[in-house]
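Worksheet: the structure to be examined is printed underneath.
Computed from heavy atoms alone, side chains included, the values below leave out hydrogens, waters and symmetry copies.
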Amino acid sequence: QVQLVESGGGLVQDGGSLRLSCAASGSILSIRRMGWYRQAPGKERELVAVIVSGGNTDYADSVKGRFTISRDNGKNTVYLQMNSLKPEDTAVYYCYADLTYFGGFRSRTDDYWGQGTQVTVSS
């Protein structure tokens with residue numbers, strides 16, 4: 001009933017930029033938080049950036065000053081602008097949403113994840 005679809009990953013050179021997008025669709029009533037996590041080979045999934053409904057943001061220390069998260073509430077879409085990319089940013093990036101949706105004749109609250117998009121930064 002709810003789906004997160006990511007786009008924008010790819011291959012970029014050291015110092016380059018990419019913009020990720022994630023659109024949430026379905027019987028969504030409200031979204032409290034949307035964000036991005038990433039997982040590199042052999043490592044645990046880690047938080048990259050998050051934005052709450054009021055607009056406050058939080059970033060991992062490793063991406064502060066380089067990445068910017070933003071949100072279009074009308075489109076239920078979150079973006080991640082990634083500048084000055086480094087090889088250590090290479091990972092699968094996952095979109096995340098903490099939302100309330102209408103299902104089974106009542107509202108429900110749950111966490112949803114996208115399928116992941118690969119970001120590769122070459123040195």
Side-chain angles (χ1 to χ4, degrees):
Q1 289 167 320
V2 174
Q3 192 175 19
L4 301 184
V5 178
E6 301 141 336
S7 61
L11 173 65
V12 65
Q13 289 187 335
D14 191 355
S17 298
L18 283 174
R19 188 190 194 211
L20 305 182
S21 299
C22 172
S25 62
S27 303
I28 297 169
L29 300 175
S30 64
I31 302 178
R32 277 171 299 284
R33 292 184 301 164
M34 294 189 82
W36 294 92
Y37 285 70
R38 67 185 181 187
Q39 188 168 18
K43 295 187 177 181
E44 294 186 354
R45 190 173 296 190
E46 63 175 358
L47 174 68
V48 177
V50 63
I51 184 167
V52 298
S53 57
N56 289 341
T57 59
D58 194 19
Y59 296 90
D61 288 341
S62 59
V63 307
K64 284 180 180 177
R66 300 187 298 122
F67 291 9
T68 301
I69 189 169
S70 60
R71 179 173 165 177
D72 185 333
N73 291 328
K75 295 181 179 180
N76 288 334
T77 299
V78 65
Y79 306 95
L80 185 67
Q81 178 65 44
M82 304 185 293
N83 298 328
S84 302
L85 282 161
K86 305 175 181 180
E88 50 263 43
D89 294 318
T90 295
V92 177
Y93 284 69
Y94 295 91
C95 175
Y96 158 82
D98 170 15
L99 55 85
T100 299
Y101 66 99
F102 187 78
F105 306 104
R106 66 179 182 88
S107 64
R108 300 170 184 270
T109 298
D110 210 341
D111 296 338
Y112 278 86
W113 293 86
Q115 78 282 0
T117 185
Q118 177 69 46
V119 171
T120 302
V121 185
S122 63
S123 57

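Note: Leu47 CG to Tyr96 OH = 9.5 Å, rounded to the nearest 0.5 Å. Remark: Leu80 CG to Tyr93 OH distance equals 7.5 Å, nearest 0.5 Å. For the atom pair CG (Leu29) and OG (Ser107), the distance works out to 6.5 Å, reported to the nearest 0.5 Å. Rounded to the nearest 0.5 angstrom, Ile51 CD1 and Asp58 CG are separated by 11.0 Å.
Contact check on Lys86 versus Asp89 returns no salt bridge, with no Lys/Arg side-chain nitrogen under 4.0 Å from an Asp/Glu carboxylate oxygen.
Put simply, the side chain of Met82 does not reach to within 4.5 Å of the side chain of Val48, judged on heavy atoms. Side-chain contact between Val2 and Phe102 is absent, with no heavy atoms from C-beta onward closer than 4.5 Å.
Shown here is Glu88, whose CD atom has more than 12 heavy atoms of other residues, nucleotides or ligands within 6.0 Å.
No donor-acceptor pair under 3.5 Å is formed between the side chain of Glu46 and the backbone N or O of Arg38. Tyr101 places no side-chain N or O within donor-acceptor distance of the main-chain N or O of Asp110, the cut-off being under 3.5 Å. Side chain of Arg66 to backbone of Ser84: a donor-acceptor contact under 3.5 angstrom is found. Remark: the backbone N or O of Gly9 is not paired with any side-chain donor or acceptor of Gln118 at under 3.5 angstrom.
Side chains of Thr100 and Thr109: a donor on one and an acceptor on the other come within 3.5 Å.
When Met34, Arg33, Glu6 are each tested for a side-chain contact (heavy atoms from CB on, under 4.5 Å) with Val78, only one passes: Met34.
Relative orientation of the Trp113 and Tyr37 rings is perpendicular, given thresholds of 30° and 60° on the angle between their planes.
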